[in-house]
2 protein chains.
Amino acid sequence: MLTKELSLDETLMALSDPTRRAILKRLSSGEARVTELAQPFSMSLNAVSKHIRVLERAHLVRRRRDGREHLLSINPEPLDEVANWIVTQRRLWTARLDALDELLKAEDRAASKASKKKGEKHER
Amino acid sequence: MLTKELSLDETLMALSDPTRRAILKRLSSGEARVTELAQPFSMSLNAVSKHIRVLERAHLVRRRRDGREHLLSINPEPLDEVANWIVTQRRLWTARLDALDELLKAEDRAASKASKKKGEKHER
DNA sequence: ACATTATTCAACCACTTGGTTGAGTATAAT
DNA sequence: ATTATACTCAACCAAGTGGTTGAATAATGT
């Protein structure tokens with residue numbers, strides 16, 4: 001599994017910045033150098049360099065040096081962890097909400113049976 | 001659709017804190033008051049109150065007042081946006097990586113055919 | 001050898017975050 | 001009416017973020 005200290009905290013934090021997400025998107029079409037990555041943005045090269053370091057810290061990108069060029073590539077592994085957390089949580093939440101929903105529907109049926117009036121509005 | 005300004009930035013940022021994720025987890029088993037939510041943590045009530053506000057700002061929880069009690073509940077909607085982004089991106093990334101992988105395998109086959117020497121090392 | 005290119009490092013800045021404490025505002029209980 | 005409870009608001013603080021500029025390092029081109 002090789003899962004070396006993948007922190008949900010750091011991954012989510014790294015992903016929460018639009019510039020960094022754009023960098024990742026760019027990297028999805030293949031390796032790129034720092035300057036290439038920086039080019040589309042209006043900020044300084046140094047700023048982008050810092051963003052990259054954040055992504056690296058979260059293990060979302062890998063760095064490979066070739067001479068003076070640093071070639072960045074994507075590492076999708078941490079995404080799995082996030083995806084995992086999300087689907088797990090969402091299942092819990094919606095399960096609970098679905099149960100509530102069922103309950104409400106049941107009550108609705110009971111209520112409409114009791115009142116026999118059409119056109120009555122429900123709350124929410 | 002009702003999607004009122006759901007920001008990926010804010011959602012991911014809100015999720016990137018362990019306390020907040022714990023709060024959400026707690027809320028998956030139903031509504032809770034602020035004090036209830038704060039109870040398991042070692043920090044002050046005010047700190048938790050702030051965390052809740054962050055979650056609210058990201059539309060991950062909703063607040064309903066009943067007298068002096070504020071009842072918090074979960075809203076799973078923003079999670080969809082995140083999940084969506086993740087699966088989309090990951091598909092792109094892995095597609096690309098799989099293609100690369102295929103390429104490398106093909107080259108490996110070609111190389112071993114060409115050199116016919118065992119024990120040769122590949123780079124990285 | 002010298003200049004250019006690719007990149008990081010270091011210091012700085014304004015702003016945000018995650019926490020604190022202390023006071024304020026409703027609502028509920030006695 | 002007083003006190004207790006549930007909560008927020010406001011001010012503060014240390015540490016972190018996202019950006020800047022200026023210099024350092026290291027590899028390449030002339």
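Each chain gets a letter, A, B and so on, in the order its sequence line appears, and its residues count up from 1.
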**Q.** Partner residues of B:Asp80 under the side-chain contact (heavy atoms from CB on, under 4.5 Å) criterion, sequence neighbours left out
**A.** A:Arg90
(Q) Please report the distance, rounded to the nearest Å, between CG in B:Leu15 and P in C:dT17. (A) 14 Å
(Q) Could you work out, with side-chain contact (heavy atoms from CB on, under 4.5 Å) as the rule, every residue matching B:Pro40, not counting sequence neighbours? (A) none
Q: With sequence neighbours excluded, tell me which residues meet salt bridge (charged side-chain N to carboxylate O under 4.0 Å, His left out) with B:Arg64.
A: B:Glu31
When you compare the protein's N or O atoms with those of nucleotides 27-30 of chain D, which come within less than 3.5 Å of each other, and at what distance?
| residue | atom | partner | partner atom | Å |
| --- | --- | --- | --- | --- |
| D:dA27 | N3 | A:Arg68 | NH1 | 3.4 |
| D:dT28 | O4' | A:Arg68 | NH1 | 3.4 |
| D:dT28 | O4' | A:Arg68 | NH2 | 3.4 |

Q) Can you name the residues that form a salt bridge (charged side-chain N to carboxylate O under 4.0 Å, His left out) with B:Arg68, not counting sequence neighbours? A) none
Q) Listed by chain and number, what are the side-chain contact (heavy atoms from CB on, under 4.5 Å) partners of B:Gln89, not counting sequence neighbours? A) A:Lys25, B:Trp85, B:Leu92, B:Trp93
Atom pairs and distances, side-chain donor-acceptor, residues 44-55 of chain B, under 3.5 Å, sequence neighbours left out:
| residue | atom | partner | partner atom | Å |
| --- | --- | --- | --- | --- |
| B:Ser44 | OG | B:Asn46 | N | 3.4 |
| B:Ser44 | OG | B:Ala47 | N | 3.1 |
| B:His51 | ND1 | B:Arg20 | NH1 | 3.1 |

Q: Answer whether the closest heavy-atom distance between the side chains of B:Val61 and B:Leu27 falls below 4.5 Å.
A: yes
Please tabulate, one pair per line, each protein N/O and nucleotide N/O from nucleotides 15-22 of chain D that are separated by under 3.5 Å, including the distance.
| residue | atom | partner | partner atom | Å |
| --- | --- | --- | --- | --- |
| D:dG18 | OP1 | A:Arg20 | NH2 | 3.4 |
| D:dG18 | OP2 | A:Arg20 | NH1 | 2.9 |
| D:dG19 | OP2 | A:His51 | NE2 | 2.2 |
| D:dG19 | N7 | A:Lys50 | NZ | 3.1 |
| D:dG19 | O6 | A:Lys50 | NZ | 2.2 |
| D:dT20 | OP1 | A:Ser44 | N | 3.3 |
| D:dT20 | OP2 | A:Ser44 | N | 2.8 |
| D:dT20 | OP2 | A:Ser44 | OG | 2.7 |
| D:dT21 | O4 | A:Asn46 | ND2 | 2.5 |
| D:dG22 | O6 | A:Asn46 | ND2 | 2.5 |

Q: Write down the distance between CG (A:Leu37) and P (C:dA6), rounded to a whole number of angstrom.
A: 13 Å
Q | d(CD1, B:Ile52; C1', D:dA6) in whole Å | A | 12 Å
Q. Residues in side-chain contact (heavy atoms from CB on, under 4.5 Å) with A:Asn84, at least two apart?
A. A:Val87, A:Thr88
**Q.** Atom pair distance, as rounded to whole Å: CZ in B:Arg64 and C1' in C:dT27
**A.** 16 Å
Q) Within this structure, what is the NE2-to-C1' distance between A:His70 and C:dT5, rounded to whole angstrom? A) 12 Å
Q.
Expressed as a whole number of angstroms, how long is the span from B:Arg33:CZ to C:dT27:C1'?
A. 13 Å
Q: Calculate the interatomic distance between B:Leu72 atom CG and D:dA6 atom P; express it in whole Å.
A: 15 Å
